[in-house]
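All remarks here apply to the structure that follows.
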Number of protein chains: 2
Amino acid sequence: MDTGPKIAQVAALIGDPARANMLSALMDGRTLTASELAYVSGVAPQTASGHLAKLNDAGLLALAKQGRRRYFRLASPHVARVLEGLMVVAQDGPARQRNLWRGGETLRHARTCYDHMAGRIAVAIADRLVRQSHILLDEDGGQLTDAGRSFFDEFGVDLRLASKRRVFCRPCLDWSERRPHLAGALGAAILRHALEHDWVEHVRDSRALVVTPLGVRGLATTFGIEGAPPTDGRRAGCVTVPRLGSGHPG
Amino acid sequence: MDTGPKIAQVAALIGDPARANMLSALMDGRTLTASELAYVSGVAPQTASGHLAKLNDAGLLALAKQGRRRYFRLASPHVARVLEGLMVVAQDGPARQRNLWRGGETLRHARTCYDHMAGRIAVAIADRLVRQSHILLDEDGGQLTDAGRSFFDEFGVDLRLASKRRVFCRPCLDWSERRPHLAGALGAAILRHALEHDWVEHVRDSRALVVTPLGVRGLATTFGIEGAPPTDGRRAGCVTVPRLGSGHPG
DNA sequence: GAAACACTACGATCTTGGCCGAAGTATTCG
DNA sequence: CGAATACTTCGGCCAAGATCGTAGTGTTTC
């Protein structure tokens, strides 16, 4: 009858650091083995095995056996949404230590967020699309305009594939930028396009994406986004987002 | 750098039954005192005090002092979204014990979900609006049609108020019905309308809503939903949702 | 068949944190 | 003022569960 205990059970499951690390590592939709998950979560394989069993029993993970190894992935997009949501509240929660997030510069710049792109780059893309009136976007929903439809046709993104089961366009609050980027089928299509054209590449064992030289050019000509990928060293955050008409901070 | 620990901290906070009960009780946007929250969570006031301090420190709750009592509410809609999400995965998680949810019949029937309506009634309303082509709705987004706009004008729902900051229309997966109901500004407007016209009433210390006789008539004439509110006894679930063209289960 | 590998089951240890009784601050009321 | 109310702090008790060593099962490789 009471809903509290139910959500507590799930939340407690996510609430262990080792398990949270596992889930985080799976957030971009990859499937990883038990050993890999043990490694990323920083515990011994025996411990990881127990955690994975719990997550699997609770329906948070899906399991595929293949020979002597077990491949795990998030059981559903719902799980990914919860994790995204937790990141958001984890970020804006303790007001005092907001934005003292040095490190993870690569992640801040570009990363996957389940099946779409996140980070500075993704927010810049969303901003640009809004500014050009290709999409309408706010905190709760989004919509592709006619102008946007022809833009993406020209751009070469296949919108038909995705149109069946999902809405094109929804916002997803970016926990590093604290502004929405583009999710939904359209967001996924853009990431797919970027990967297929070698604009960005996955970083192994991470959700981070690196922007290739090809990508720098592509992003500039297509979205008017100037800037090189961060060198992972001191000079971080060197992407220049074009000034917005309405005075948003970058 | 790693995001795991951060989300683990928040999740662990929600992961305690007492705290989860508190948060659940606040999900409809009410503000409750520390004592009330102690009561609903089933712990002693001292214990509740500690929990509330933690939730407040973490930024999940907002606090307003007034005289000798403290009023708490959810700090942001983001928190509510996370809780909604947790309910969803808590429901579809353990596949074996799905749907053995006897009890809480009133909640299943109609309840608040943050600022809009949820439960059988809410799902039926959403279904009707979709069937009449007043809205477009799927798992990821929604949209009000022109026909819908005039329908709500006639209906007497004020859409201008909400149109500034939020999209009218977004889906919210109903964790008892496992199908989307209507959220966003439009969902909120419908709940407001229903409350103002005494179609439904809050149940004290609960998120449940009871449908008044007036409401039964109103829902029937406006949305074509037939059925009396459940009597809270044996004969539960006596609402009859009109057959859907596309063969959805009720 | 033996060895290496991926993973799981069990058991002992140890830390974390929820819990409430008792006592201590504010605030309101008579 | 003193009593009642609303809430917080402190301290000790206790249970839940995270951890890893050891020892197992099943699978692949040589």
Side-chain angles (χ1 to χ4, degrees), chain A residues 2 4-26 30-58 60-73 93-94 205, chain B residues 2 4-26 30-58 60-73 93-94 205:
Chain A
D2 210 353
K6 283 176 180 290
I7 79 170
Q9 232 174 314
V10 177
L13 232 39
I14 308 176
D16 176 79
R19 288 192 294 255
N21 278 327
M22 293 173 172
L23 293 167
S24 280
L26 294 167
R30 285 181 302 176
T31 77
L32 297 176
T33 67
S35 309
E36 289 171 319
L37 289 166
Y39 177 75
V40 300
S41 62
V43 295
Q46 315 90 297
T47 309
S49 179
H51 286 316
L52 290 169
K54 285 180 188 175
L55 291 171
N56 191 45
D57 288 351
L60 296 190
L61 294 184
L63 167 61
K65 307 184 186 187
Q66 209 175 105
R68 59 185 165 185
R69 50 189 93 184
R70 320 244 134 149
Y71 290 92
F72 292 90
R73 61 182 168 76
D205 287 331
Chain B
D2 210 354
K6 283 174 180 292
I7 78 171
Q9 232 173 315
V10 178
L13 232 39
I14 308 176
D16 175 78
R19 288 192 294 255
N21 278 326
M22 293 173 171
L23 293 167
S24 278
L26 294 169
R30 285 181 302 177
T31 78
L32 298 176
T33 67
S35 310
E36 290 170 319
L37 288 166
Y39 177 77
V40 300
S41 62
V43 294
Q46 316 91 295
T47 308
S49 178
H51 286 316
L52 290 168
K54 286 181 188 176
L55 291 171
N56 190 47
D57 288 350
L60 297 189
L61 295 184
L63 165 62
K65 307 183 185 187
Q66 207 173 105
R68 60 183 164 185
R69 52 187 91 183
R70 320 241 135 151
Y71 290 93
F72 292 91
R73 61 180 167 78
D205 285 332

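Residue numbers start from 1 in every chain, and the chains themselves are labelled A, B, ... in the order their sequence lines are given, proteins ahead of strands.
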Can you measure [X] atom [atom1] to [N] atom [atom2] for me and round it to whole angstrom units?
{"X": "B:Phe72", "N": "D:dA6", "atom1": "CZ", "atom2": "P", "value": "15 Å"}
{"X": "B:Tyr39", "N": "D:dA6", "atom1": "OH", "atom2": "P", "value": "15 Å"}
{"X": "A:Leu63", "N": "C:dA6", "atom1": "CG", "atom2": "C1'", "value": "13 Å"}
{"X": "B:Arg69", "N": "D:dA4", "atom1": "CZ", "atom2": "C1'", "value": "13 Å"}
{"X": "A:Lys54", "N": "C:dT8", "atom1": "NZ", "atom2": "P", "value": "14 Å"}
{"X": "A:Asn56", "N": "C:dA9", "atom1": "CG", "atom2": "P", "value": "12 Å"}
{"X": "B:Asp57", "N": "C:dG17", "atom1": "CG", "atom2": "P", "value": "14 Å"}
{"X": "B:Arg70", "N": "D:dT5", "atom1": "CZ", "atom2": "C1'", "value": "14 Å"}

So, taking the atom named [atom1] in [X] and the one named [atom2] in [Y], what distance separates them when rounded to the nearest 0.5 Å?
{"X": "B:Thr31", "Y": "B:Gln66", "atom1": "OG1", "atom2": "CD", "value": "8.5 Å"}
{"X": "A:Thr33", "Y": "A:Arg69", "atom1": "OG1", "atom2": "CZ", "value": "6.5 Å"}
{"X": "B:Ile14", "Y": "B:Met22", "atom1": "CD1", "atom2": "CE", "value": "13.5 Å"}

Nearest heavy-atom contact between B:Ala58 and B:Leu13 is CB-CD2, 3.1 Å
Residue closer to the 5' end of DNA chain D, A:Arg19 versus B:Thr47 (nearest nucleotide):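 In this pair, the answer is B:Thr47.
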Taking for each residue the nucleotide of DNA chain D bearing the nearest heavy atom, is the 5' side occupied by B:Ala34 or by A:Val43? B:Ala34
What string of B, S and - do you get for nucleotides 22-30 of chain C, 5' to 3', when a contact is any protein heavy atom under 4.0 Å? B----BS--
Taking only side-chain N and O atoms of A:His51, does any of them lie within less than 4.0 angstrom of OP1 or OP2 on D:dG17?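 For D:dG17, OP1/OP2 do not have a side-chain N/O of A:His51 under 4.0 Å.
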B:Asp16 side chain: which of C:dG18, D:dA18, C:dT8 is closest?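 My answer, after comparing the listed nucleotides, is C:dG18.
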Which pairs, with at least one residue in residues 44-54 of chain B and sequence neighbours excluded, count as a side-chain hydrogen bond (donor to acceptor under 3.5 Å, both in side chains)?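 Qualifying pairs: B:Arg19-B:His51.
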Would A:Leu63 and A:Leu52 count as a side chain to side chain contact (heavy atoms under 4.5 Å, CB included) here? Give the steps. CA-CA 9 Å; A:Leu63 167 61; A:Leu52 290 169; over 6 Å; no
What contact category does A:Lys65 fall into here, base, sugar-phosphate, or nothing, at under 4.0 angstrom with non-hydrogen atoms? nothing
What do the steps show when you test B:Leu37 against B:Phe72 for side chain to side chain contact (heavy atoms under 4.5 Å, CB included), and what is the final call? CA-CA 9 Å; B:Leu37 288 166; B:Phe72 292 91; 3.8 Å; yes
